[in-house]
Amino acid sequence: MLRRVAARPPMSPRRCWLVKSEPDAFSFDDLLAVPDRTTAWEGVRNHQARNFMRDGMRLGDPVLFYHSNAAPPGVAGVCRVVREAYPDPTAFDPRAPSYDPKSRREAPTWLMVDVQAVAPLPRYVALDALRANPALEGLELLRRGSRLSVMPVTPTHFDLICRMGALGRGALR
DNA sequence: GCCAACGTTGGC
DNA sequence: GCCAACGTTGGC
């Protein structure tokens with residue numbers, strides 16, 4: 001019996017994302033080692049990044065995991081959204097570095113999503129390789145002064161970066 | 001560790 | 001609402 005499984009209407013392209021993490025703090029390998037290979041993306045304290053999580057990120061959306069402040073910086077792996085935006089409890093915790101006294105439980109300012117590791121990129125895709133690929137023109141990450149920690153990536157760019165990382169098709173989508 | 005490029009804060 | 005000072009991000 002045929003069963004309809006499409007999670008979103010036809011012609012609605014799946015959105016893709018990129019998140020940054022400093023590997024010294026939390027690397028893609030760390031994500032692979034965590035129970036369920038799933039973590040809450042806590043601590044985002046930028047409104048635009050928050051809005052992407054709140055308004056854009058949907059269950060199942062694929063996400064590139066980027067290592068910032070690394071040597072070299074680059075894309076280390078792929079994960080996916082496994083829980084949509086919900087309040088970030090670290091904003092309520094006075095001892096947390098990301099504590100925000102202005103965020104109240106009744107009206108949380110800051111949200112987070114859960115992401116689950118899908119697969120590491122067999123070949124790490126370093127930032128200079130991204131910059132060297134003309135087909136990646138327009139990638140938000142490469143914009144001068146870009147500092148967003150959560151940003152959208154077009155499906156075309158997403159697929160290309162996966163291919164640059166030698167990730168076999170079918171790991172996603 | 002340096003510093004450019006941002007975002008935020010707060011005085012006015 | 002302007003804008004200078006300050007803090008943070010993140011490549012190098």
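Lettering of chains follows the sequences in order, A, B, ..., and the numbering in each one begins at 1. Hydrogens, waters and symmetry mates are skipped; everything else that's a heavy atom, side chains included, is used. Here the structure is a predicted model, which is why all the values come from computation and not from measurement.
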Check whether any side-chain nitrogen or oxygen of [X] sits under 4.0 Å from OP1 or OP2 of [N], and answer yes or no.
X       : N      : result
A:His47 : B:dT8  : yes
A:Lys20 : C:dT9  : no
A:Tyr66 : C:dG11 : yes

Can you tell me the distance, in whole Å, between the [atom1] atom of [X] and the [atom2] atom of [N]?
X        : N      : atom1 : atom2 : value
A:Leu142 : C:dG10 : CG    : P     : 14 Å
A:Leu141 : C:dG10 : CG    : P     : 9 Å
A:Gln48  : B:dT8  : CD    : P     : 10 Å
A:Arg143 : C:dG10 : CZ    : P     : 13 Å
A:Glu140 : C:dG10 : CD    : C1'   : 14 Å
A:Asp100 : B:dT8  : CG    : C1'   : 12 Å
A:Glu22  : C:dC12 : CD    : P     : 15 Å
A:Leu148 : C:dT8  : CG    : P     : 18 Å

| query | What is the ring orientation for A:Trp41 with A:Phe65, classed by angle as parallel under 30°, tilted 30 to 60°, or perpendicular over 60°? | reply | perpendicular
Residue [X], side-chain heavy atoms: nucleotide from [options] that is nearest:
X        : options               : result
A:Arg147 : C:dC12, C:dG10, B:dT8 : C:dG10
A:Leu127 : C:dG10, C:dG11, B:dT8 : C:dG11
A:Lys102 : B:dT9, B:dG7, C:dG11  : B:dT9

If I take atom [atom1] from residue [X] and atom [atom2] from residue [Y], how far apart are they, to the nearest 0.5 angstrom?
X        : Y        : atom1 : atom2 : value
A:Asp30  : A:Ser21  : CG    : OG    : 8.0 Å
A:Ile161 : A:Leu141 : CD1   : CG    : 7.5 Å
A:Tyr124 : A:Met164 : OH    : CE    : 12.5 Å
A:Asn133 : A:Asp128 : CG    : CG    : 11.5 Å
A:Leu111 : A:Tyr86  : CG    : OH    : 10.5 Å

| said: By nearest heavy atom, map A:Arg45 and A:Asn69 onto DNA chain B; which one lands nearer the 5' end? | reply: A:Asn69
| field | DNA chain C: stems of at least 3 consecutive Watson-Crick or G-U pairs whose donor-acceptor distances fall under 3.5 Å | value | B:1-12 with C:1-12
| task | May I ask you to check whether A:Ser103 and A:Arg45 show a side-chain donor-acceptor distance below 3.5 Å? | result | no
